[in-house]
Amino acid sequence: DQQVKQNSPSLSVQEGRISILNCDYTNSMFDYFLWYKKYPAEGPTFLISISSIKDKNEDGRFTVFLNKSAKHLSLHIVPSQPGDSAVYFCAASATGANSKLTFGKGITLSVRP
Amino acid sequence: EAGVVQSPRYKIIEKKQPVAFWCNPISGHNTLYWYLQNLGQGPELLIRYENEEAVDDSQLPKDRFSAERLKGVDSTLKIQPAELGDSAVYLCASSGPWGGEQFFGPGTRLTVL
C-alpha cells in the first residue's frame, strides 16, 4: 500500500513557466515532508521541506505548499529552468527528517528550452 | 566537505553469489541509513543506525541480508546469497545529530544474472 503517492509519472513545461509537482499521502501520522531531486546516476539531493505546523515554505525559486486536510502537498518551481530537469521524489516522515522516510515513486520533470 | 561515499558504484554478479556494499557517511553524522531503490520506485528503508546500534531493521530481509556499523562510522551491507530480484540500486544516506535532512550517496547499482 503506497502511503505516499505521486500519481503523475512525468511533467513537461516550457522554460520560464511554472512547474507544479503534486504529492498525496494517506498516513495521518506523517508530520514532516520533504522533496528530493535526483539526476541520473546520482543519489537524491535534498531540495526543500515543510513541517506539518506550516502550510507554506519558500526557498528561492522553490515553494512547497501543504494542505493537511486534503493530505496533499505540492512543489512549485518558478521560473523553471532546463537544469531543473530531473526526477523529483516526495517523501514523508512521522518523526522528523532524521528518521524513516517514506518515498513516492517520483515524477520526471522535463523543462524545454 | 566530502559527501557520502559508496563503493562499488556498479556490481554484476551471478545468482547465489555473495556481494557486499560499503558506505562512508559524512563526517560527524551519527545516523546512517541503507535504502533499496527498485526501477521506477522511490527508495525504501532497509536499516537505520544510530552510531553502532541498528534502531530500525524491520524492513531488512534477515534471511539473506546483513549489515554492520562496527565503529559507528562506515558501514557494510551484505547479501548472501543474491537472488535475481535483488537487482536494484542500494543507497546509503546519513544525517547529523541535530536531526537534519538525510544526505544520500550516489548508490551502488547491483545486477544479478
Side-chain angles (χ1 to χ4, degrees), chain A residues 1-10 21-27 29-51 57 59 62 64 73 75 86-109, chain B residues 2-10 21 23-26 28-51 53-60 88-111:
Chain A
D1 178 35
Q2 280 271 312
Q3 296 186 60
V4 176
K5 301 178 183 180
Q6 295 178 262
N7 293 320
S8 301
S10 62
L21 289 71
N22 294 306
C23 177
D24 298 293
Y25 62 96
T26 59
N27 189 338
M29 299 301 292
F30 288 149
D31 62 0
Y32 196 80
F33 304 88
L34 308 90
W35 284 93
Y36 279 82
K37 174 180 178 179
K38 185 181 182 305
Y39 292 118
E42 296 183 11
T45 302
F46 170 73
L47 195 56
I48 193 169
S49 62
I50 187 167
S51 165
N57 188 27
D59 183 1
F62 303 91
V64 56
L73 62 154
L75 174 68
V87 178
Y88 289 78
F89 290 99
C90 173
S93 168
T95 50
N98 65 334
S99 62
K100 175 183 177 180
L101 294 180
T102 301
F103 284 82
K105 292 184 177 183
I107 300 172
T108 300
L109 173 65
Chain B
V4 176
V5 179
Q6 290 188 248
S7 69
R9 292 294 312 275
Y10 303 91
F21 315 124
C23 172
N24 192 36
I26 293 172
H29 281 193
N30 61 320
T31 308
L32 184 146
Y33 317 74
W34 283 102
Y35 286 86
L36 162 70
Q37 185 176 15
N38 286 304
L39 188 65
Q41 304 291 319
E44 299 174 39
L45 181 69
L46 289 172
I47 189 168
R48 175 167 69 98
Y49 283 93
E50 294 286 348
N51 299 306
E53 182 181 0
V55 296
D56 183 356
D57 63 355
S58 57
Q59 303 301 310
L60 189 72
V89 175
Y90 292 82
L91 293 161
C92 179
S94 69
S95 62
W98 57 90
E101 288 74 24
Q102 298 178 29
F103 294 83
F104 284 81
T108 296
R109 179 175 294 279
L110 173 67
T111 301

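Sequence lines set the chain letters: A, B, ... in the order given, protein chains first and strands last, and positions in each chain run from 1.
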Quiz prompt | Part of A/Gln6 lying under 4.5 Å from any heavy atom of chain B | solution = neither
Exercise. Test side chain to side chain contact (heavy atoms under 4.5 Å, CB included) on A/Phe103 and B/Tyr35 and set out the steps.
Key: CA-CA 11 Å; A/Phe103 284 82; B/Tyr35 286 86; 3.9 Å; yes
Exercise. Give the intermediate values and the outcome of side chain to side chain contact (heavy atoms under 4.5 Å, CB included) for residues A/Phe89 and B/Gln41.
Key: CA-CA 10 Å; A/Phe89 290 99; B/Gln41 304 291 319; over 6 Å; no
Quiz item: So, B/Arg109 side chain and A/Ala41 main chain: donor-acceptor pair closer than 3.5 Å or not?
Solution: no
Quiz item: Does A/Tyr36 use its side chain to pair, donor to acceptor, with the backbone of B/Gln102 at less than 3.5 Å?
Solution: yes
Quiz item: Side chain, backbone, both or neither: which part of B/Gln37 has a non-hydrogen atom closer than 4.5 Å to chain A?
Solution: side chain
Quiz item: For the residue pair B/Leu91 and A/Gly43, what are the closest heavy atoms and their distance?
Solution: CD2-CA, 4.2 Å
Gap between atom [atom2] of [Y] and atom [atom1] of [X] - 0.5 Å precision:
| X | Y | atom1 | atom2 | value |
| --- | --- | --- | --- | --- |
| B/Tyr33 | A/Lys100 | OH | NZ | 13.0 Å |
| B/Glu101 | A/Thr45 | CD | OG1 | 12.5 Å |
| A/Leu101 | B/Glu44 | CG | CD | 12.5 Å |

Self-check item: chain A interface, residue from B/Gly40, B/Gly107, B/Cys92 that has the most non-hydrogen pairs under 4.5 Å
Solution: B/Gly40
